[in-house]
K.L.:
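Could you have a look at this structure, given as structure tokens, before my questions?
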Amino acid sequence: MDDEKRADELNLDLIQMVQKARMLHDAAARPSDLAAVYWIEAKAGAGLSPPPSAEAGEWRIHLTASNVDAVWEQVKALTIAGALGYKSKVSTRPAAGQAKPDERLLCVRTCDARDAKDVERVRKALREIGLTRLEYMADKS
């Protein structure tokens, strides 16, 4: 049993190391410069956002390859500062078979889709930076 417990701890340590490396990579990444990974993401700073619930959701914004970098820089900064949801991510390339190859998807995750006040707060913040074509989707539980 002690060997199993130690193996679990080592696996958790490895997962945390990979996640930390990924976040360091993503911190300086620009969507238009990458194609090797499909998403880059930013997370709210420690203690700035509650953890997501099982009822999380996301605002989805369709961008173009020509404006994705500028919009991502704004959203990333607001996410890290805790002014949006607990995490944001952006696609770096079109999805396989995507009808519009110039389109990129930006997702701003909220902690709880049932919290209408918080969902609206994030919508308002996104609109304040000029994002108006917003679609909200609650996670399916």
K.L.:
Is Ile129 reachable from Val122 through a run of I, L, V, M, F, W or Y residues, each pair having side-chain heavy atoms under 4.5 Å apart?
P.N.:
yes
K.L.:
Kindly compute the distance separating CG (Leu84) from OG1 (Thr110), expressed to the nearest 0.5 Å.
P.N.:
10.5 Å
K.L.:
Please, which pairs that meet salt bridge (charged side-chain N to carboxylate O under 4.0 Å, His left out) have at least one residue in residues 57-67, sequence neighbours excluded?
P.N.:
Glu58-Arg60, Glu58-Arg109
K.L.:
Looking at residues at least two apart in the chain, or sitting in another chain, which of them share a side chain to side chain contact (heavy atoms under 4.5 Å, CB included) with Pro50?
P.N.:
Cys111
K.L.:
Sequence neighbours excluded, which residues qualify as side chain to side chain contact (heavy atoms under 4.5 Å, CB included) partners of Ala65?
P.N.:
Asp102, Arg104
K.L.:
For Tyr38, check side chain to side chain donor-acceptor pair (under 3.5 Å) against everything at least two apart and list the hits.
P.N.:
none
K.L.:
If the condition is side chain to side chain donor-acceptor pair (under 3.5 Å), which residues does Ser66 pass it with, not counting sequence neighbours?
P.N.:
Thr64
K.L.:
If you take all heavy atoms of Gly82 and Ala44, which pair is closest and at what distance?
P.N.:
CA-CB, 4.4 Å
K.L.:
Set out, in order, the CA-CA distance, both residues' side-chain angles and the distance that settles side-chain contact (heavy atoms from CB on, under 4.5 Å) for Val119 and Tyr136, then state yes or no.
P.N.:
CA-CA 9 Å; Val119 170; Tyr136 191 79; 3.5 Å; yes
K.L.:
Working to the nearest 0.5 angstrom, can you tell me the gap between Ile40 CD1 and Ser88 OG?
P.N.:
11.0 Å
K.L.:
Go through the steps for Leu126 and Val108 under the test side-chain contact (heavy atoms from CB on, under 4.5 Å), then give the verdict.
P.N.:
CA-CA 9 Å; Leu126 292 169; Val108 178; 4.0 Å; yes
K.L.:
How would you list all residue pairs meeting ring pair (Phe, Tyr, Trp, His ring centres under 6.0 Å) that involve residues 99-135, not counting sequence neighbours?
P.N.:
none
K.L.:
Report the distance from atom CG of Leu131 to atom CG of Leu63, rounding to the nearest 0.5 Å.
P.N.:
6.5 Å
K.L.:
The criterion is side chain to side chain contact (heavy atoms under 4.5 Å, CB included); which residues satisfy it with Arg123, sequence neighbours excluded?
P.N.:
Trp59, Glu120, Arg127, Leu134
K.L.:
Which pair of non-hydrogen atoms, one from Gly85 and one from Ser49, has the smallest distance, and what is that distance?
P.N.:
C-OG, 4.2 Å
K.L.:
Keeping to residues at least two apart or across chains, list the ring pair (Phe, Tyr, Trp, His ring centres under 6.0 Å) pairs with something in residues 87-127.
P.N.:
none
K.L.:
For Ala99 and Pro101, work out which heavy atoms get closest and say how close.
P.N.:
O-CD, 3.3 Å
K.L.:
Is there a continuous path of hydrophobic side-chain contacts, each under 4.5 Å between heavy atoms, that joins Met137 to Leu105?
P.N.:
no
K.L.:
What side-chain donor-acceptor pairs closer than 3.5 Å can you find for residues 68-77, not counting sequence neighbours?
P.N.:
| from | atom 1 | to | atom 2 | distance (Å) |
| --- | --- | --- | --- | --- |
| Asp69 | OD1 | Ser32 | N | 3.0 |
| Asp69 | OD1 | Ser32 | OG | 3.3 |
| Asp69 | OD2 | Arg30 | NH2 | 3.1 |
| Asp69 | OD2 | Ser32 | OG | 2.3 |
| Glu73 | OE2 | Lys76 | NZ | 3.3 |
| Lys76 | NZ | Ala27 | O | 2.8 |

K.L.:
What pairs meet the salt bridge (charged side-chain N to carboxylate O under 4.0 Å, His left out) rule with one or both residues in residues 77-100, with sequence neighbours excluded?
P.N.:
Glu41-Lys87
K.L.:
Taking only residues two or more places apart in sequence, or in another chain, which ones meet Asp112 in a side chain to side chain contact (heavy atoms under 4.5 Å, CB included)?
P.N.:
Ser53, Glu55, Arg114, Asp115
